[in-house]
Amino acid sequence: MIEWVVGMVLGVAYVVIRLAYRRNETTKFGAPFVPLEPKVVNRVMEMAAIIPGEIFYDLGSGDGRLVIAAALLGARAYGVEIDPFRVWYSRLWIKLLGLSQRAAIIHKNFFEVDLSKADVVTMYLLQTTNDQLLAKLKQEIKKGARLVGIAFHLKGWRPVMVDPQGPIYGPLYLYKKT
Ligand SMILES: C[S@@+](CC[C@H](N)C(=O)[O-])C[C@H]1O[C@@H](n2cnc3c(N)ncnc32)[C@H](O)[C@@H]1O
């Protein structure tokens with residue numbers, strides 16, 4: 001009997017979270033959840049060349065794999081994620097891996113998050129979303145910070161490196177803010 005009750009409560013909680021997420025999808029959505037393959041995660045980390053202590057942001061952090069990879073390299077790593085289910089899931093992994101001192105997930109729309117302290121920013125979104133982010137990045141990102149555009153580029157910015165080893169949707173673009 002108790003198993004039934006627990007099962008029902010968990011089921012209802014899941015449906016409520018998914019419905020909340022759907023509402024977000026129609027209003028503020030910037031990209032669907034498509035996780036990066038581990039080999040691409042490694043390549044993004046190599047390109048970003050994180051120095052321990054640097055501040056890292058992944059815009060649209062999904063299940064937190066880039067945030068966790070950056071924290072394991074010594075960054076103070078932040079993921080920004082709008083989907084409450086993935087926020088919960090990635091926070092759980094951060095806790096289980098003992099990375100809570102170095103990694104955190106901000107449950108917010110990334111258009112509303114201040115990026116002025118970032119040393120490294122990664123974005124695996126959509127071309128239209130990157131286009132909408134251009135003005136914010138131009139205004140907030142500090143000089144010398146690195147940005148990695150995953151599959152989609154930053155219009156008008158000159159990449160310092162383009163690597164074809166990205167996901168199926170496109171290459172990896174490394175930028176340095178001037
Ligand atoms: C393509 S996935 C990338 C996931 C992860 N960064 C990775 O590389 O595996 C894009 C993520 O961005 C999130 N997202 C989309 N629009 C957002 C917004 N405006 N603010 C915060 N997160 C957003 C989605 O929920 C999704 O998890």
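Each ligand, and each atom within it, is numbered from 1 in the order the structure gives. The basis for the numbers below is simple: all heavy atoms, side chains too, and nothing from hydrogens, waters or symmetry mates.
Residue Pro32 approaches ligand 1 through these ligand atoms, each under 4.0 Å from one of its heavy atoms: 1 (C), 2 (S), 10 (C), 26 (C). In summary, the atoms of ligand 1 found under 4.0 Å from a heavy atom of Val80, numbered by their order in the structure, are 21 (C), 22 (N). Residue contact check: Asp58 has heavy atoms under 4.0 Å from atoms 5 (C), 6 (N) of ligand 1. Listed by number with element, the atoms of ligand 1 under 4.0 Å from a non-hydrogen atom of Pro35 are 9 (O). Atom numbering of ligand 1 starts at 1 in the shown order; those under 4.0 Å from a heavy atom of Gly30 are 15 (C), 16 (N), 17 (C). The ligand atoms of ligand 1 that sit less than 4.0 angstrom from a heavy atom of Asn109 are 18 (C), 19 (N), 20 (N).
With a 4.0 Å cut-off on non-hydrogen atoms, Arg65 touches ligand 1 through its side chain and not its backbone. Under 4.0 angstrom from ligand 1, there are no non-hydrogen atoms of Thr129. If you look at Thr122 next to ligand 1, there are no close heavy atoms at all, none under 4.0 Å.
Considering both main-chain and side-chain atoms, Leu36 comes within under 3.5 Å of ligand 1 through a nitrogen or oxygen pair. Considering backbone and side-chain N/O of Asp63, none are found under 3.5 Å from N/O of ligand 1. For a threshold of 3.5 Å applied to N or O pairs, the pair formed by Ile82 and ligand 1 contains at least one separation below that value. When only interatomic distances are considered, the shortest N/O to N/O separation between Glu81 and ligand 1 falls below 3.5 Å.
In this structure a side-chain-to-backbone donor-acceptor pair under 3.5 Å is missing from Asp58 to Val67.
Leu154 and Phe111 fall within the same hydrophobic cluster, defined by Ile, Leu, Val, Met, Phe, Trp and Tyr side-chain heavy atoms under 4.5 Å apart, directly or through other members.
Relative orientation of the Trp93 and Tyr89 rings is perpendicular, given thresholds of 30° and 60° on the angle between their planes. Ring planes of Tyr169 and Phe152: parallel class, angle under 30° (limits at 30 and 60°).
With Phe33 as the aromatic partner, Arg86 meets the cation-pi criteria of under 6.0 angstrom to the ring centre and within 45 degrees of the ring axis.
Counting only heavy atoms from C-beta outward, the side chains of Ile51 and Leu73 never approach each other to under 4.5 Å.
Using modelled atom types, one finds a donor on one side chain and an acceptor on the other under 3.5 Å when comparing Gln127 with Asp131.
Heavy-atom proximity to atom 6 (N) of ligand 1, evaluated over Ala69, Gly62, Gly60, is greatest for Gly60.
Test Leu147, Thr122, Val113, Asp114 against Tyr57 for side-chain contact (heavy atoms from CB on, under 4.5 Å) and you get one pass: Val113. No option in Arg146, Lys142, Arg76 other than Arg146 meets the salt bridge (charged side-chain N to carboxylate O under 4.0 Å, His left out) test with Glu54.
Heavy-atom distances between Lys108 and ligand 1 reach below 4.0 Å in at least one pair.
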Check your understanding: Would Lys108 and Glu112 satisfy salt bridge (Lys or Arg N to Asp or Glu O under 4.0 Å), going step by step from the backbone distance to the final call?
Key -> CA-CA 7 Å; Lys108 250 184 159 176; Glu112 294 164 6; 5.4 Å; no
